[in-house]
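We use all heavy atoms of the structure for the numbers below, so side chains are in, but hydrogens, waters and symmetry mates are not.
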Amino acid sequence: MEPSRRMARGLLGLRDRIWPDADRNDWVRRFHALCDSYALASVISTRPPFAIKAVPVGNQMVPVREEVVQSLPFGNLVHFAKDDLDTPQPKMLVVAPLSGHFATLLHHTVEVLLRDHDVYITDWRHAREVPVGEGAFGLDDYIDYIIAFLRHLGPNSHLLAVCQPCVPALAAVAVMAGTRDPCQPRTMTLMGGPIDVREAPTVVNDLARQHSLDWFEANLISQVPARYAGAGRRVYPGFLQLHAFMSMNMGRHLEQFRRFYQALADARISDADKIRDFYVEYFSVLDLTAEFYLETIDRVFQRALLAKGELDHRGVRVDCGAIRHTALLTVEGERDDICGVGQTAAAHLLCTSLRPHLKRHHLQPGVGHYGVFSGSKWEKQIYPQVRNLVLAMS
């Protein structure tokens, strides 16, 4: 379908260059709205920018710049630097999901956190762009990366994980606690993550249980073509994950595209731009390494090893009971259809050595999975819970 989408984009380009006033005609505007809607419905394989230029800190707007402070083969540690601050802010590592979307899916999460925190984020690389010579990247490697990034931040930092990385993030903190690593974080916020998928199973959990690991490998794993830097690497393509997510709410997505078309047809450009911005971000996907995807299916979604106390990291059992000094906040959305209510809160049962005042849980009414970390309720009701815990532990 790409040739026809290129034609649609070409027609839009001609409109802008040759007929700048053409959209004053109602029928022409509707035709271009159709072209724009069709062109938007396309998978994007490049990371969009975070586009965070400035944030409010106190009573002033402070400029923000992105900088890569640690570069590893499968992911970078990106720092959102603010140079015009008189008082240092607590360091916060945001562990972004590696589940098909780029880290920029959390741009609103980061934008809000930047008001009171010195924010870093895990910026995972497109697996098809990583040469085979860099080796494999599995769940143990993911845990190692989190530990390496926390050590880069140093002592007295804080951690926030969203969705899929809640399991490796909790495991990483447990590993650091077990070795009394001085860089273990002061707080750990886990948001909408599958700590124990046996609690309130969702469609996602049912799919993982209905098929064997061999089925996933045979049907969902592909080899990177020769035209990419990672030629020959076995991956789980990001567009397959995007299809899986969209199929869960296809009616809602179709309605959003209808609204997008109608907004353009009615010349309500600002309304159309809001929808466009969401889908440019939502359709931007990356490939996962086959080993990471299959190990996550096996160890997290099928066998729930961390929840059972049976997860190993580099051959050593992960003991969440070793966590004694990292305060824990878990956040769930009442309407979450990807990670059911109770799956994230299960972390409290695993962290048996944490005293009661170091444990908090927040169940947010009226939000689904994405509302936990993006939107008005994240900003006005969930974020204060995160900020207050960090203040209490800093």
Next item on the list: Kindly indicate, with the supporting measurements, whether the criterion salt bridge (Lys or Arg N to Asp or Glu O under 4.0 Å) is fulfilled by Arg151 and Asp181.
Entry: CA-CA 9 Å; Arg151 286 173 178 165; Asp181 193 313; 2.7 Å; yes

Margin query: One pair to check against side chain to side chain contact (heavy atoms under 4.5 Å, CB included): Val43 and Val285. What are the steps and the verdict?
Written below: CA-CA 7 Å; Val43 172; Val285 295; 3.5 Å; yes

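No hydrogens or angles considered: a donor-acceptor pair under 3.5 Å links the side chains of Asn76 and Ser71. A side-chain donor-acceptor contact under 3.5 Å links Asp336 and His369. For the residue pair Glu129 / Tyr228, no side-chain donor-acceptor distance below 3.5 Å is found, with atom types taken as modelled. Side-chain N/O atoms of Asp206 and Gln210 include no donor and acceptor closer than 3.5 Å.
In this structure, Asp287 does not pair ionically with Arg128, as no charged nitrogen and carboxylate oxygen lie closer than 4.0 Å. Ion pairing between a basic and an acidic side chain is recognised when a charged N comes within 4.0 Å of a carboxylate O; Arg252 and Glu255 show no such pairing.
Within the structure, the salt bridge (charged side-chain N to carboxylate O under 4.0 Å, His left out) test picks out the following pairs touching residues 273-284 (sequence neighbours left out): Asp36-Arg276, Asp273-Arg276. Every pair tested for salt bridge (charged side-chain N to carboxylate O under 4.0 Å, His left out) that includes a residue from residues 353-373 fails, sequence neighbours excluded, so the list is empty. Legend: salt bridge (charged side-chain N to carboxylate O under 4.0 Å, His left out) pairs involving residues 380-394, not counting sequence neighbours: none detected. For residues 45-74, the salt bridge (charged side-chain N to carboxylate O under 4.0 Å, His left out) pairs, not counting sequence neighbours, are Arg47-Glu66, Arg47-Asp123, Arg65-Glu67, Arg65-Asp83.
Residues satisfying the salt bridge (Lys or Arg N to Asp or Glu O under 4.0 Å) criterion with Arg314, sequence neighbours excluded, are Asp141, Asp144. Under the salt bridge (Lys or Arg N to Asp or Glu O under 4.0 Å) criterion, Asp214 pairs with no residue at all, not counting sequence neighbours. Here Gln364 pairs with His362, Val367, Lys377, Gln381, Ile382 under the side chain to side chain contact (heavy atoms under 4.5 Å, CB included) rule; sequence neighbours left out. Glu295 pairs by the side chain to side chain contact (heavy atoms under 4.5 Å, CB included) definition with Leu139, Glu291, Arg299, not counting sequence neighbours. For the ring pair (Phe, Tyr, Trp, His ring centres under 6.0 Å) test, residues two or more places apart in sequence or in another chain that qualify with Phe80 are Phe50. Scanning for ring pair (Phe, Tyr, Trp, His ring centres under 6.0 Å) contacts around Phe278 gives Tyr282, with sequence neighbours left out. The ring pair (Phe, Tyr, Trp, His ring centres under 6.0 Å) search around Phe239 returns none, not counting sequence neighbours. Residues meeting the ring pair (Phe, Tyr, Trp, His ring centres under 6.0 Å) test with Phe301, sequence neighbours left out: none.
Looking only at distances, a side-chain donor or acceptor of Asp319 sits under 3.5 Å from a matching main-chain atom of Gly321. No donor-acceptor distance shorter than 3.5 angstrom exists from the side chain of Gln184 to the backbone of Val173, with no hydrogens or angles considered. Between the Gln302 side chain and the His211 main chain, a donor and an acceptor come within less than 3.5 Å of each other. Panel note: side chain Thr122, backbone Ala96; a donor-acceptor pair is recorded below 3.5 Å. Put simply, the side chain of Asn388 gets close to the backbone of Pro384: a donor and an acceptor are under 3.5 Å apart. Proximity of a side-chain donor or acceptor of Arg303 to a complementary backbone N or O of Glu310 within less than 3.5 Å is not detected.
A distance of 6.0 Å or more separates the ring centres of Phe102 and Trp124. For Phe292 and Phe74, the ring centers are positioned 6.0 Å apart or more. Separation of the Tyr279 and Phe260 ring centroids does not fall under the 6.0 Å cut-off.
Side-chain contact between Met191 and Thr344 is absent, with no heavy-atom pair separated by less than 4.5 Å. Under the 4.5 Å side-chain criterion, counting only non-hydrogen atoms from C-beta, Tyr120 is not in contact with Val78.
Each of Met61 and Val64 belongs to its own hydrophobic cluster when Ile, Leu, Val, Met, Phe, Trp and Tyr are linked at side-chain heavy-atom distances under 4.5 angstrom.
Residues Leu306 and Cys320 approach most closely at CD1-SG, 3.8 Å, considering heavy atoms.
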